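Input: a single structure, listed below in structure tokens.
Since the model is a prediction, treat every value here as computed from it, not as a measurement.
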Amino acid sequence: MPAIKEIDKFYHSSKWKRCRAYVISLHRGVCQRCGMPGTEVHHIIPLTIDNVNDPFIALNPDNLELLCKSCHDMERRKYDDVRGDLKFDEQGNLVKR
């Protein structure tokens, strides 16, 4: 469970919030895949406990893309079964099964 807390802490940090706002403004709020309104800033190389403190992964605009909820949900389904004891809830939070 400490890994989840470390990643959750990152997503509540001011550095992430500034980076997220930058990516949204960079793409003018438009999903980079379908052109709908973008609300989710997605890590192309997934964020893990091993790279959450690596700014070249966690905060690099080249590793981030703006997606709408639908495109983000499709992307996240690729990782739904990575660990059998975890899943994503309706809000996209990583939780224990």
task = Report yes or no: does S13 contribute a side-chain atom to a donor-acceptor pair with the main-chain N or O of W16 at less than 3.5 Å?
result = yes
query = Which atom names give the shortest non-hydrogen contact between C71 and C31, and what distance separates them?
reply = SG-SG, 3.8 Å
inquiry  = Do P37 and V30 have side chains that approach each other closer than 4.5 Å (heavy atoms only, starting at C-beta)?
reply    = no
message = Taking salt bridge (charged side-chain N to carboxylate O under 4.0 Å, His left out) as the cut-off, I'd like each qualifying pair that reaches into residues 9-21, sequence neighbours left out, listed once.
response = none
task = Starting from the C-alpha separation in whole Å, work towards a yes-or-no answer on side chain to side chain contact (heavy atoms under 4.5 Å, CB included) for S70 and C34.
result = CA-CA 9 Å; S70 178; C34 73; over 6 Å; no
What side-chain donor-acceptor pairs closer than 3.5 Å can you find for residues 46-62, not counting sequence neighbours?
{"unit_1": "T48", "atom_1": "OG1", "unit_2": "D50", "atom_2": "N", "d": "3.2"}
{"unit_1": "T48", "atom_1": "OG1", "unit_2": "N51", "atom_2": "N", "d": "3.3"}
{"unit_1": "T48", "atom_1": "OG1", "unit_2": "N51", "atom_2": "OD1", "d": "3.4"}
{"unit_1": "N51", "atom_1": "OD1", "unit_2": "T48", "atom_2": "N", "d": "2.7"}
{"unit_1": "N51", "atom_1": "ND2", "unit_2": "P46", "atom_2": "O", "d": "3.1"}
{"unit_1": "D54", "atom_1": "OD1", "unit_2": "F56", "atom_2": "N", "d": "2.9"}
{"unit_1": "N60", "atom_1": "OD1", "unit_2": "D62", "atom_2": "N", "d": "2.8"}
{"unit_1": "N60", "atom_1": "ND2", "unit_2": "F56", "atom_2": "O", "d": "3.3"}

ask   = What distance separates Q32 CD from L67 CG, expressed to the nearest 0.5 Å?
value = 7.0 Å
ask   = Is a donor on one side and an acceptor on the other found under 3.5 Å between the side chain of N63 and the backbone of H43?
value = no
key: Pairs where residues 17-39 contributes a residue and the test ring-ring contact (aromatic ring centres under 6.0 Å, His included) is met, not counting sequence neighbours   = none
request  = Could you go through the side chain to side chain contact (heavy atoms under 4.5 Å, CB included) check for E65 and R33 one step at a time?
outcome  = CA-CA 9 Å; E65 62 182 333; R33 294 192 185 175; 2.6 Å; yes
ask   = Does the side chain of V41 come within less than 4.5 Å of I24's, by heavy atoms?
value = yes
query = Got a second to check how far L66's CG is from T39's OG1, nearest 0.5 Å?
reply = 7.5 Å
query = Counting distance only, does the side-chain N/O of E40 pair as donor-acceptor with the main-chain N or O of H72 below 3.5 Å?
reply = no
